[in-house]
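Worksheet for the structure shown next.
Chain letters run A, B, ... following the sequence lines, proteins first and then strands; every chain starts at 1.
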Amino acid sequence: MKARARGRATYADLLRAPENLVAELVDGELYTWPRPAGPHNRFASAVGMDVGTPYDRGGGGGPGGWWIVFEPEVHLADDVVVPDLAGWRRERMPQIPRDHRYTVVPDWICEVLSPSTGRFDRATKLPLYAAHGVRYAWLADPLERTVEILRLENGRWSIVHVFSGNDILVAEPFELVEIDLASIWGDEPPPAPVQSPAS
Amino acid sequence: MDRMTAGARARATYEDLLQVPDHLIAELIDGELFTSPRPRPRHAVAAGAVHDALRRQYGHGGPTGWWILFEPDVHLGDDVVVPDLAAWRRERVPDLVELDTITVVPDWICEVTSPRTGRLDRIAKMPLYARHAVRFAWIVDPEQRFLEVFRLDAGRWVTIGTYSGEQRVHAEPFDEVELNLAELWGK
């Protein structure tokens, strides 16, 4: 939902958004969203655990060296966005911020699409991330069971791979992790009714 | 869009596609048969607006002309797809109008999508178009009202522009045309 204030919205307007909503501010527009639905939340949580265990916590013999953070409030100049997940190489962000504002550009973000946020994610946030030099983006649609892997090349997003259904997701920048997509959304009803052609 | 269960047991073939009822759009991608209902008005209005804008500028003969087709059956190897719109430079395919079956890779395609058909358009068809070296692709989402423009670069789709709302857009490979996005949304 877009709340167009009189004139450009500011961070002060964002701070006045009701606490049960996720609030984002891009190009002077304030956007507020309900908390994520179950399949959305589930996907982000599972990927956060699969990636975060080896790459943040160094578990299972993983390399560590990253911060993997759920729904951080990321400040990119005057814009404020909340990716579902974000990752930073610790060499680029040695310390987690003391307050809620992350002002270092993430190295990786993961956005989980909802039917109501596709345009905001694809047409507003992705160009913003590109402008600020985020290197990798994963775009997941848990209702359609798809994940698109994007890499920034010369300032533009390049689609390097797409995963769907029961694929095992192995993707940059976390190639050491095998994410079993079936185990994430396998308990949910399948995305579309099955229909065979008349024969 | 529905995905045939039999696809999991055996690869679907063109014979299977021919058995799909006429009121459905049938596509065969990598041995899987996809059937989709005919487009809804919102979808048809968007496709029609793009088609009209391009035909006004490019629908002529000669070296700079393009063939711009609505929902053509395009055969690419063993795959059969029906993009909402596809275009070929006339100099590449001067006799396209004479063909029974199109087996020439389009120079440009446009898919009108929705959040519910993203799996077919973005996950199945876009990689297929990349494999066959379609140069440009547009994805139009008339529910959310935005247009994404992709160019194939070293075998991968690169986003070269994303436009939303009622912007006026000049997008490759049809830069000369001013596309009024409001018309795509029926305004």
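- Neither the backbone nor the side chain of A/S114 has a heavy atom closer than 4.5 Å to any heavy atom of chain B.
- At a 4.5 Å heavy-atom cutoff, the contact between B/I160 and chain A is made by backbone and side-chain atoms alike.
- No more than 12 heavy-atom neighbours from other residues, nucleotides or ligands sit within 6.0 angstrom of CG on A/N154.
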Passes side chain to side chain donor-acceptor pair (under 3.5 Å), B/Y163 versus B/E148? Steps please. CA-CA 6 Å; B/Y163 311 94; B/E148 291 166 281; over 6 Å; no
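- Residue B/R145 touches chain A through both its backbone and its side chain, counting heavy-atom pairs closer than 4.5 Å.
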Does B/E166 form a side chain to side chain donor-acceptor pair (under 3.5 Å) with B/W185? I'd like the steps, not just the answer. CA-CA 9 Å; B/E166 302 186 4; B/W185 325 137; over 6 Å; no
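- A/R122 touches chain B through backbone and side chain together, each having a heavy atom under 4.5 Å away.
- For the pair B/R90 and B/W67, the cation-pi criterion (under 6.0 Å, within 45° of the ring axis) is fulfilled.
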